[in-house]
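Reading through the structure tokens given below for one structure.
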Amino acid sequence: MFDKFNDECGVFGIFGHPEAANLTYLGLYALQHRGQESCGIVSSDGAKLRRHRGMGLVADVFKRDSVFERLPGRSAIGHVRYSTAGGTDIKNCQPIMVDYHRGSIAVAHNGNLVNAAELRTDLEKRGSIFSTVADTEVIIHLLARAQCETLPDRITEALNEVKGAYSLVFLTETRMVAVRDPNGFRPLVLGYLDGAYVVASETCALDLIEAEFIREIEPGEMILVDKTGLTSFHPFAKVKPTPCVFEHIYFARPDSTIFGRQVYEVRKEFGRQLAREHAVEADVVIPIPDSGVPSAIGYAEASGIPFELGLIRNHYVGRTFIEPQQSIRHFGVKIKLNPIREVIAGKRVVVVDDSIVRGTTARKIIKMIRNAGAKEVHVRISSPPTSYPCYYGIDTPTRKELISSSHSVEEINRYITSDTLGYLTIEGMLKAASRMSDECSFCDACFSGNYPIKFPRMATDQPELF
Ligand code: SF4
């Protein structure tokens, strides 16, 4: 809703439960924060796949009971989507479902492939006809051409061609397969409910349906679930995993556990570390709700400055809000946030948020806080400056739109009109997220420019496709 990076997708799957489609619907509800543009469910009754999908929120696309009557069976997969790789169009909604010479298959994908365009050109030259612009369809075409005998081998053969980020869930008439790319950019967890295996982007989806959390699906792991149970494979060449640190900063829900850590706790630790790195004399710490709340609590805790809710967010303003063109006044950010004057007036205020992308929203919020009577406004950001775009499944502006790519912290401070501005350091962020070891480190490319998977066009400028 605000000036943020946007997550692109959430996936869910369940195998062997009489209420498979209904539980998938609930799982997608819990994952709605990962994508609000479209959603869909594919179910299997053991003989046939059926699909319902549409543009909009889960509650809107699945608002009639009759929809579930058309999704029978004991297994289902689902998807919520926020698009960039692939336009805003119903035909790009997932799960993608196709019939091919070996039967039917559906797939739900979270992530982005960095070599999708090259693979697509190559496949088209060899006769493939694409019906969507989503890079996920590339995987389906590679799968249809794969020569191996078994489904896991065919999926491995197809995925050995692709580079990038993927947490995938496949469904055939009789099997479910979940795969996480060797770098493990996006989260994917495994759960269990009443004899059925469940996979989901985040544990908050397991919590909602009261499934037991078993473990995370490991980077490079493939899980096959069929009537004989669950089999795990590690079919890819091993690389050092690089899960996305931004999942901890902003994308994942704070009540989820991902990459071995509880997100809420990590966000509070970001705030504590931020207080250690950028102390300031102040009277009150306030978050930009909702995403800045845990870090602000951590900042207040470590600094000893009282925490207050100084801004209240209107939760009913959707992404589709359009500023009235003929309005007598520009309402802008006031539609979404309103200050509590009594908390702010006459105070030296520390404002905590998780990121600044373009800086335009931060500038408006600071103006609003000053208008509410703040004596000083000190902005503290619980991540380092975001200077580089993401190519691994997150919607980011182009590099020139990212204020940190071309402006120093002092210049940004002047632009957003804060008294002082402090960002968490990369070292502080990684320390707080505690995931540095020889075996595994976070992807921090949008802060450092160190992309764990390179691709040809990166040397020039940022490809608009991603
Ligand atoms: S570039 Fe940033 S947002 Fe993208 S995967 Fe890496 S850390 Fe996450």
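Only heavy atoms go into these numbers, but all of them, side chains included; no hydrogens, no water, no symmetry mates.
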- Rounded to the nearest 0.5 Å, what's the gap from CG on Leu171 to CD1 on Ile105? Could you check? 8.5 Å
- Item | Side chain Ser256, main chain Cys204, donor-acceptor under 3.5 Å | yes
- Passing candidate, side chain to side chain contact (heavy atoms under 4.5 Å, CB included) with Ser382, options Ser291, Pro294, Ser295, Pro287: Ser295
- Take Glu277 and Leu424 through the test side-chain contact (heavy atoms from CB on, under 4.5 Å) and record every step on the way to the result. CA-CA 7 Å; Glu277 292 182 5; Leu424 191 60; 3.7 Å; yes
- Message: Between Arg267 and His248 (side chain of the first, backbone of the second, donor and acceptor by atom type, cut-off under 3.5 Å), is there such a pair?
- Response: yes
- Query: Which residues satisfy the ring-ring contact (aromatic ring centres under 6.0 Å, His included) test with Tyr299, sequence neighbours excluded?
  - Reply: none
- State whether the side chain of Asn92 and the backbone N or O of Val133 hold a donor-acceptor pair below 3.5 Å, judged by distance alone. yes
- Message: Using modelled atom types and a 3.5 Å cut-off, is there a donor and acceptor pairing between side-chain atoms of Gln147 and backbone atoms of Arg145?
- Response: yes
- Within a strict 4.5 Å, meaning less than it, do heavy atoms of the Met97 and Ser104 side chains meet? no
- If we only count heavy atoms from C-beta on, is the Val343 to Ile286 side-chain gap below 4.5 Å? yes
- Message: Please report whether the ring centroid of Phe185 lies less than 6.0 Å from that of Tyr392.
- Response: yes
- Polar side-chain atom of Gln94 near backbone of Gly40 as donor-acceptor pair, under 3.5 Å: no
- Query: Nearest 0.5 Å, what's the CD1-OH distance between Ile140 and Tyr100?
  - Reply: 8.0 Å
- Query: Would you call Glu269-Arg276 a salt bridge at under 4.0 Å N-O?
  - Reply: yes
- Charged N-O contact under 4.0 Å between Arg180 and Glu221: no
- Message: Are there over 12 heavy-atom neighbours, none belonging to Arg64, within less than 6.0 Å of that residue's CZ?
- Response: no
- Message: For Arg70 and Ser43, which I'm curious about, is there any donor-acceptor pair between the side chains at under 3.5 Å?
- Response: no
- When the ring planes of Tyr388 and Tyr451 are compared, do they come out parallel, tilted or perpendicular, using 30° and 60° as the limits? perpendicular
- Message: Taking Arg34 first and then Glu202, would you say they form a salt bridge - that is, a charged N and a carboxylate O separated by under 4.0 Å?
- Response: yes
- Message: Taking Arg154 first and then Glu157, would you say they form a salt bridge - that is, a charged N and a carboxylate O separated by under 4.0 Å?
- Response: no
Donor-acceptor contacts, no H, no angles, side chain residues 160-170, under 3.5 Å, sequence neighbours left out:
residue : atom : partner : partner atom : Å
Asn160  : ND2  : Thr156  : O            : 3.4
Ser167  : OG   : Arg186  : O            : 3.1
Ser167  : OG   : Pro187  : O            : 3.4

- Heavy-atom check, side chain of Met429 versus side chain of Ile249, under 4.5 Å: yes
- Would you call Ile297 and Val293 a side-chain contact if the rule is heavy atoms closer than 4.5 Å? yes
- Query: Would a distance-only check, ignoring hydrogens and angles, find a side-chain to backbone donor-acceptor pair under 3.5 Å from Glu37 to Gly56?
  - Reply: no
- Task: Report the distance from atom CD1 of Ile14 to atom CG of Leu206, rounding to the nearest 0.5 Å.
- Result: 9.5 Å
- Item | Donor-acceptor contact present, side-chain Glu210 to main-chain Asp207, <3.5 Å | no
- Message: Determine whether Ile217 and Val189 satisfy the following criterion, side-chain contact (heavy atoms from CB on, under 4.5 Å), listing intermediate values before the conclusion.
- Response: CA-CA 5 Å; Ile217 294 176; Val189 298; over 6 Å; no
- Item | Non-neighbouring partners of Gln262 that pass side-chain hydrogen bond (donor to acceptor under 3.5 Å, both in side chains), sequence neighbours left out | none
- Roughly how far, to the nearest 0.5 Å, is the CD1 atom of Ile365 from the CG atom of Asp353? 6.5 Å
- Item | Non-hydrogen atoms of Phe236 and Gly220 that approach each other most closely | CD1-O, 3.5 Å
- Parallel, tilted or perpendicular: ring planes of Phe246 versus Phe447, cut at 30 and 60 degrees: parallel
- Between the side chains of Ser38 and Arg53, does any donor sit under 3.5 Å from an acceptor? no
- Charged N to carboxylate O below 4.0 Å: is that the case for Arg313 and Asp290? yes
- Message: Looking at Lys431 and Glu427, is any side-chain nitrogen of the basic one under 4.0 Å from a carboxylate oxygen of the acidic one?
- Response: no
- Message: Is there a side-chain contact (heavy atoms from CB on, under 4.5 Å) between Leu142 and Leu119? Walk through the geometry before answering.
- Response: CA-CA 9 Å; Leu142 291 170; Leu119 287 171; 4.2 Å; yes
- Note on the structure: Taken to the nearest 0.5 Å, the spacing of Ile139 CD1 from Asp135 CG works out to 7.0 Å
- Query: For Pro243 and Ser441, which heavy atoms make the closest approach, and how far apart are they?
  - Reply: CD-O, 3.5 Å
- Message: Please find the pair of heavy atoms, one from Gly393 and one from Asn112, that lie closest to each other, and give the distance.
- Response: N-CB, 3.4 Å
- Side chains of Ser383 and Asp354: is there a donor and an acceptor less than 3.5 Å apart? no
- Message: I'd like to know whether Glu137 forms a side chain to side chain donor-acceptor pair (under 3.5 Å) with Thr132, so could you lay out the CA-CA distance, the side-chain angles of the two residues, the decisive distance to 0.1 Å, and finally the verdict.
- Response: CA-CA 7 Å; Glu137 198 184 352; Thr132 77; 2.7 Å; yes
- Item | Side-chain donor/acceptor of Glu173 to backbone N/O of Gly103, under 3.5 Å | no
- Using the side-chain contact (heavy atoms from CB on, under 4.5 Å) rule, take Phe12 and His79 through it: C-alpha gap first, then chi angles, then the decisive distance, then the call. CA-CA 6 Å; Phe12 184 92; His79 190 265; over 6 Å; no
- Which heavy atom in Ala252 sits nearest to a heavy atom in Ile258, and how many Å separate them? CB-CD1, 3.8 Å
- Kindly indicate whether the side chain of Arg74, heavy atoms from C-beta on, has any atom under 4.5 Å from the side chain of Phe15. no
- Task: Look at the side chain of Asp181 and the backbone N and O of Gly184, then say whether any donor-acceptor pair between them is shorter than 3.5 Å.
- Result: yes
- Task: Supply the atom-to-atom distance His109 NE2 to Cys9 SG, rounded to the nearest 0.5 angstrom.
- Result: 7.5 Å
- Considering only heavy atoms from C-beta outward, does the side chain of Leu337 approach that of Asn314 to under 4.5 Å? no
- Task: Taking the side chain as every heavy atom from C-beta outward, state whether Val285 and Val352 have any pair of such atoms under 4.5 Å apart.
- Result: yes
- Query: Are any non-hydrogen side-chain atoms of Ile77 and Ile41 less than 4.5 angstrom apart?
  - Reply: no
- Item | Contact summary for Lys454 and Asn450, nearest pair of heavy atoms | NZ-C, 4.4 Å
- Query: What are the two closest heavy atoms between Pro182 and Pro219, and how far apart are they?
  - Reply: O-CB, 3.2 Å
